[in-house]
Protein chains: 2
Amino acid sequence: MKEKELRRSLAVLPIGTVMKLANLTARQIRYYEEQGLSHPERNAGNRRMFSLNDVDRLLEIKDYLADGINIAGIKEIYAQQQQKAEQQAADLARPLTDNDVRQILHDEFLNIGGFKSKHGPEFPTH
Amino acid sequence: MKEKELRRSLAVLPIGTVMKLANLTARQIRYYEEQGLSHPERNAGNRRMFSLNDVDRLLEIKDYLADGINIAGIKEIYAQQQQKAEQQAADLARPLTDNDVRQILHDEFLNIGGFKSKHGPEFPTH
DNA sequence: CATACATGTAAGAAAATATCACATCATTTA
DNA sequence: TAAATGATGTGATATTTTCTTACATGTATG
């Protein structure tokens, strides 16, 4: 569902629409951005343009505030989420390169030996 | 998927966004509306507000025009689609009301007879 | 050639949004 | 308790976006 993700991250909504969707004032929306919690894009005329993901983020902020968490707390929450995401990206990227390395080594052995490995289902053995 | 349908029909996009999404000029978008092919909503300030369905419709119009069909032709296509939709709605609605009628009659027979049918044929014949 | 169709363009008004500054009200802190 | 802070309201003013209306243009068609 790459398509859906792309759609959700398209910055297509002006602040007036977002105000209605999230039930927030323009002041609140701009303040959360000023505090580094939200990062809407800007169009050529400097107007903020929001994606559906941006709206979700604003609703999340609103919930946190309603739960008594202040902006500093929310900022910390997002910082930790960011860290976790980075770690996961690293975890995901490392095995791939390891596999690449093995593949390369494997190929080199094949070339050197002039014959194919007999184990593993990957190639016919005869 | 009622949720998705609701989302797609929410009028949240200003004309500037739609111009970019559909790659049409404001003139074109307004003209298609003037010709009765598109029906965007208006906000309190009389600004056109489009849904994703509206954008799809505009892309469709664009395709038809690119295929050499003129506006009158497109109008006719949509008129026929409208007719078909109405017919289907009627087809869908009629059995329901028929069932309602049977149910009502059945209930009335019960009331009159003062006893319940033991099922099979819906009402006792004597 | 005259017409109609689809679109471009310009003018002026109204609406939406931007930034900035100051106000307010509740909560914390000194 | 006074002072500071945090989240939001409000007002002023500038800029951008969109609206309607009118006229222009190019292309195809009778």
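Just so you know, these numbers come straight off a predicted model, no measurement behind them. We name chains A, B, ... by the order of the sequence lines, and we start the count at 1 in each one.
Counted by atom type alone, B:Glu86 and B:Gln82 present one or more donor-acceptor pairs between their side chains at under 3.5 Å. Side-chain polar atoms of A:Gln80 and A:Glu76 form a donor-acceptor pair below 3.5 angstrom.
For the pair A:Tyr31 and D:dG9, the criterion of a side-chain N or O lying under 4.0 Å from OP1 or OP2 is not met.
Rounded to an integer number of Å, the gap from CG of A:Asn23 to P of D:dT8 is 13 Å. In this structure, A:Arg47 places its CZ atom 4 Å from C1' of D:dT16, rounding to the nearest Å. For the pair A:Arg48 CZ and D:dT16 C1', the interatomic distance rounds to 13 Å; values are reported in whole Å. Taking atom NZ of A:Lys75 as the reference point, atom C1' of D:dG6 lies 11 Å away to the nearest angstrom. The interatomic distance linking B:Lys20 (NZ) with D:dT17 (P) rounds to 8 Å, in whole Å. Rounded to a whole Å, the CG atom of A:Asn70 is 11 Å from the P atom of D:dT8. Rounding to whole angstrom units, CD of residue A:Glu34 and C1' of D:dG9 are separated by 14 Å. Atom CZ in B:Arg30 sits about 12 Å away from atom P in D:dT21, given to the nearest Å.
Residues B:Glu34 and B:Arg30 are not paired through a salt bridge, judged by the lack of any N-O separation under 4.0 Å between the basic side chain and the carboxylate. A:Arg48 has no carboxylate O lying under 4.0 Å from a charged side-chain N of A:Asp54, or vice versa, which leaves the two without a salt bridge.
Where DNA chain C meets chain A (any atom under 4.0 Å from a heavy atom), the bounding nucleotides read 5' to 3' are C:dA16 to C:dT19.
Atom CZ of B:Phe50 and atom CG of B:Leu21 lie 11.0 Å apart (nearest 0.5 Å).
The residue among A:Ala26 and B:Ile71 whose nearest nucleotide of DNA chain C is located toward the 5' end is B:Ile71. Take the nearest nucleotide of DNA chain D for B:Gly45 and for A:Tyr32: the residue whose nucleotide is more 5' is A:Tyr32.
Side chain of B:Lys62 to backbone of B:Leu24: no donor-acceptor contact under 3.5 angstrom is found. Under a 3.5 Å cut-off, the side chain of A:Ser38 and the backbone N or O of A:Tyr32 do not form any donor-acceptor pair.
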